[in-house]
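Here the structure is laid out as structure tokens; the discussion comes afterwards.
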Amino acid sequence: MSTPVKKVPIHLQSSQNRLLVKNGKVVNEDGMVDTDVYIEDGIIKQLGRNLIIPGGTRTIDARGKYVMPGGIDPHTHFEFEFMGTKSVDDFYQGTKAAVAGGTTMIMDFVIPRKDESLLEAYERYRANADEKVCCDYGLHVAVTSWSPKIKEEMATLVQEHGVNSFKMFMAYKDLFMLHDQELIEAFTACKNLGCVAMVHAENGDIIAANAKKLLDAGVTGPEGHEMSRPEEVEAEATNRACVIANQVNCPLYVSSVMSKSAADVISAKRGDGYVLFGESIAASVGIDGSAQYGNDMNKGRLCIMSPPLRPDPTTPIDLIEKLSQDGLQCTGSDNCTFNADQKALGKNDFTKIPNGVNGVEDRMSIVWDKGVHAGIMSPTRFVAVTSTNTAKIFNLYPRKGVIAVGSDADVVIWDPNRKRVISADTHVQAVDFNIFEGMEVTGVPEYVIVNGRVCVDDCDLKAVHGYGKFIETPVYPPYVYDQIEEREKRPRGVARTAAEMKKYADEDAALA
Ligand SMILES: C[C@@H](CNC(N)=O)C(=O)O
Ligand SMILES: [Zn+2]
Ligand SMILES: [Zn+2]
């Protein structure tokens, strides 16, 4: 199905059409350079100094600022029907908030209703999103049950609808959860289609058993949520997903890594040469999960998500360090927002609290503040983990995720010193609270250019609904499948001798 080409309304052309970003420091994942950027018709046309440009070009002075690829958020759930309610940020408000925070593309999840086919669910999401989005978007598709029909639909989605990634949930028993045999078959199907398998990694059987025990013991407050699924329940499933994917030689993307233990598994398996990518989220590097165990039950309910925020206060710093050192590769938001009254659906039973928190608007500032401003992460690594790596994994690169001639003009002019205080009183999102309430962050987008159009103009939001479009993600991303194919050429068992271990490690180092 071809994506309908959107005509940019005439009044948005001409003056918005030509832009020169001058005197900035362009930051890509592989380096920084002082140069100017000329944009026309939504595309980056020239890079350099003293550029020859046509009259009528608007010039933005980026002196003292970083000029970076727009953020790409690989993990959102806008207007998602879940746990008897629906997330309140829809594709308009959610993408408007994304743009406000410096994100110029999001990837959401098609999650089928009960008895809805994958194709019907995909069409429903497209119909919901296409006319509303304020920036470009892609779609992952969730496989929440397994059958020959599902396998066929995966192929159709790949061949006709521009999907290259499928999400399997190992949690949410009796709702979305797949068991090992189904995971083996779903991962094998992903591999045979040239796709990326994604997981929500928690052991849903253990969670269900623990939740029952806790409720039977009279634990109904928000603390029961994390108690039912401590870190090792996430780490066990993370390890199991990695092993299954490795055994079928399928590339694996672990979504919303929320604990040190799970992050350690991912770093270790990557060191063993697995084709594996780990995603942190704004919440997990921004705050810890102590509020769930506090005396204020209302506040505790608000930050309930899965996998849960961890009470270990060293978790955020551990995860931002792993992001900085390539232990983890991407940062999403897992934005799945429910208002306080929706969260109160679980006031007498923590298993009824709709799972999910905000993050799409604050993701970029949180990672800059906790990473770059804190002196832990370089600006180039910031670009990698907030934009480029996601673009490469889902085969959007170099159209997205880089400041380069010919790339889409999705550009953020970033003020590394400007500060802002995060608050529901001022945020763009629809949700009526913010898990980062009151947090002062350093690092703010001063201009956000979406497909060549200035949508944040000197910190003034001018996002326009319907301006974004669906972006197809082609199969066989080279960044991923070059490694898979290399491993196929070298079928290798488990290294049994020190010599084999060294040989494999040297081979993998040469490939990295
Ligand atoms: C259902 C969805 C959003 N909710 C959440 N992460 O708590 C997910 O698990 O990714
Ligand atoms: Zn999840
Ligand atoms: Zn999610």
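Everything numeric here is computed off the predicted structure, so don't read it as measured data. First listed ligand is number 1; within each ligand, the first listed atom is number 1.
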Requested in this report: Can you pull out the closest protein heavy atom to atom 8 (C) of ligand 1? Residue, atom name and distance to 0.1 Å, please.
Outcome: Y172 OH, 3.6 Å

Query raised in the report: Do S306 and H225 have a side chain donor and acceptor closer than 3.5 Å?
Result: yes

Query - Listed partners of F350 passing ring pair (Phe, Tyr, Trp, His ring centres under 6.0 Å), at least two apart - result: none

Query - Cation-pi check, K392 onto Y397 ring (under 6.0 Å, within 45° of axis) - result: yes

**Report entry** K167-ligand 1 polar pair, N/O distance under 3.5 Å
**Finding:** no

Report summary line: If you scan protein heavy atoms around atom 4 (N) of ligand 1, the nearest is N355 O, 3.1 Å

Query raised in the report: Would the F82 and H77 ring centres measure less than 6.0 Å apart?
Result: no

Report task. Within a distance under 4.0 Å of any heavy atom of F80, pick out the atoms of ligand 1 and give their elements. Result -> 1 (C)

Report summary line: Atoms of ligand 1 under 4.0 Å from any heavy atom of H75, numbered from 1 in the order shown, are 10 (O)

Query - C336 neighbourhood, listing ligand 1 atoms whose heavy-atom distance to it stays under 4.0 Å - result: 3 (C)

Query - Polar contact flag, side-chain donor to acceptor under 3.5 angstrom, T380-E29 - result: no

Query raised in the report: Could K343 and F338 be counted as a cation-pi pair, given that NZ or CZ must be under 6.0 Å from the ring centre and within 45° of the axis?
Result: no

Report summary line: atom 7 (O) of ligand 1 has as its nearest protein heavy atom S306 N, 2.7 Å

Query raised in the report: In ligand 1, which numbered atoms sit nearer than 4.0 Å to a non-hydrogen atom of F82?
Result: 1 (C)

Query raised in the report: Can you name the side-chain hydrogen bond (donor to acceptor under 3.5 Å, both in side chains) partners of K352, sequence neighbours left out?
Result: D349

Query raised in the report: Should you measure from each heavy atom of H77, which atoms of ligand 1 turn up under 4.0 Å away?
Result: 2 (C), 3 (C), 8 (C), 10 (O)

Query raised in the report: Which of parallel (below 30°), tilted (30 to 60°) and perpendicular (above 60°) describes F169 and H200?
Result: tilted

Query raised in the report: Do the rings of W368 and W414 sit parallel, tilted or perpendicular, given the 30° and 60° boundaries?
Result: tilted

Report task. Identify, by atom number and element, the atoms of ligand 1 in contact range of M305, meaning under 4.0 Å from any of its heavy atoms. Result -> 6 (N), 7 (O)

Query raised in the report: Mind counting the protein N, O or S atoms sitting less than 2.8 Å from the Zn ion (ligand 2)?
Result: 1

Query - Counterpart residues, side-chain hydrogen bond (donor to acceptor under 3.5 Å, both in side chains), relative to N395 (two or more places apart) - result: none

Report task. Examine C336 and say whether one of its N/O/S atoms is closer to the Zn ion (ligand 3) than 2.8 Å. Result -> no

Query - Ring-ring centroid check F78 Y92, cutoff 6.0 Å - result: no

